[in-house]
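Everything numeric here is computed off the predicted structure, so don't read it as measured data. Read the numbers this way: they start at 1 and go in the same order the structure lists the ligands and their atoms.
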Amino acid sequence: MAKLYFYYASMNAGKSTNLLQADFNYRERGMATMLFTAAVDDRFAAGTIASRIGLSAPATMFDSGTDLAACALARHVETPLACVLVDEAQFLTAAQVDQLAALADRVGIPVLAYGLRTDFRGALFEGSARLLALADSLVEIKSVCECGRKATMNLRVDAEGRPVAEGRQTEIGGNDRYVALCRRHFSAALQAKA
Ligand SMILES: Nc1ncnc2c1ncn2[C@@H]1O[C@H](COP(=O)(O)OP(=O)(O)O)[C@@H](O)[C@H]1O
Ligand SMILES: Cc1cn([C@H]2C[C@H](O)[C@@H](COP(=O)(O)O)O2)c(=O)[nH]c1=O
Ligand SMILES: [Zn+2]
């Protein structure tokens with residue numbers, strides 16, 4: 001039975017690297033894959049999954065109106081897909097996660113979704129909440145805080161490096177705008193600001 005996997009982590013943990021390695025692994029064995037990434041995340045070239053380690057690959061972009069299962073099925077009838085891989089899965093809607101679950105259950109294509117668990121306030125993203133609820137397999141990709149503990153939270157910082165506690169949930173950025181921290185240091189940074 002094909003499964004829906006959710007690989008979750010804080011920022012800068014290696015999610016995109018992991019995805020690109022998994023993709024390569026399928027393709028080097030002659031199996032076809034389909035990659036998706038969020039259109040809103042335009043840090044690198046649009047429609048590209050890029051890791052800080054230097055790997056990259058083209059991907060189909062999704063926004064909240066994309067039917068990912070329909071896109072994958074259209075590709076699947078031409079070239080049977082061994083796997084669908086989704087980066088920035090926190091930006092999926094709950095309905096899109098349901099589509100991905102159906103792709104695994106009804107069509108038999110494994111789906112590997114990679115994304116953040118929580119936002120800069122420590123709240124779940126819509127896509128992540130649904131993935132945590134539905135995925136057959138939850139896999140944490142671990143990274144370390146400056147203190148050596150596991151970094152599970154994402155602190156948003158402004159241009160001067162000061163913690164940000166208010167704002168829109170979606171704000172695209174990299175290591176200049178976010179710092180992955182353990183819960184203790186995340187809370188301390190926000191309390192020091194208050
Ligand atoms: N030159 C490098 N060599 C090895 N690891 C690197 C290098 N550059 C960045 N990294 C590591 O890659 C990870 C970030 O990978 P990435 O896939 O971009 O993360 P994510 O998608 O989770 O934000 C970090 O752990 C960082 O330390
Ligand atoms: C915490 C947080 C993150 N984002 C954005 C910032 C980046 O563009 C992506 C995550 O990037 P990654 O390196 O692939 O993990 O998500 C956001 O919009 N809101 C947030 O609260
Ligand atoms: Zn810490």
Quiz prompt | R168 near ligand 2 by a heavy-atom separation under 4.0 Å | solution = no
Quiz item: Purely on distance, is any nitrogen or oxygen of S10 under 3.5 Å from one on ligand 2?
Solution: no
Quiz item: Based purely on interatomic distance, does S51 place a nitrogen or oxygen under 3.5 Å from a nitrogen or oxygen of ligand 1?
Solution: no
Exercise. Mind checking whether F125 contacts ligand 2 via backbone (N, CA, C, O), side chain (CB onward), both or neither, at a 4.0 Å heavy-atom cut-off?
Key: side chain
Quiz item: How far is atom 18 (O) of ligand 2 from its nearest protein heavy atom, and which residue and atom name does that atom have?
Solution: E171 N, 2.8 Å
Quiz prompt | Nearest neighbour in protein (non-hydrogen) for atom 7 (C) of ligand 1 | solution = I53 CG1, 3.9 Å
Exercise. Starting from atom 26 (C) of ligand 1, locate the nearest protein heavy atom and write down its residue, its atom name and how far away it is, to 0.1 Å.
Key: N12 OD1, 3.8 Å
Quiz item: Where does D119 meet ligand 2, judged by heavy-atom distances below 4.0 Å: at the side chain, the backbone, both, or neither?
Solution: both
Quiz item: Which is closest to atom 23 (O) of ligand 1 by heavy-atom distance: Q21, R52, K142, E88?
Solution: R52
Quiz prompt | Protein contact of atom 19 (N) of ligand 2 - nearest heavy atom, named by residue and atom, plus distance | solution = Q169 O, 2.6 Å
Quiz item: Which ligand 2 atoms, with their elements, are less than 4.0 angstrom from a heavy-atom of Q90?
Solution: 9 (C), 10 (C), 16 (O)
Quiz item: Do any N/O atoms on R43 end up under 3.5 angstrom from N/O atoms on ligand 2?
Solution: yes
Quiz item: Does I172 approach ligand 2 within less than 4.0 angstrom via side chain, backbone, both or neither, non-hydrogen atoms only?
Solution: both
Exercise. Look only at interatomic distance and state if R52 has a nitrogen or oxygen under 3.5 Å from any nitrogen or oxygen of ligand 2.
Key: yes
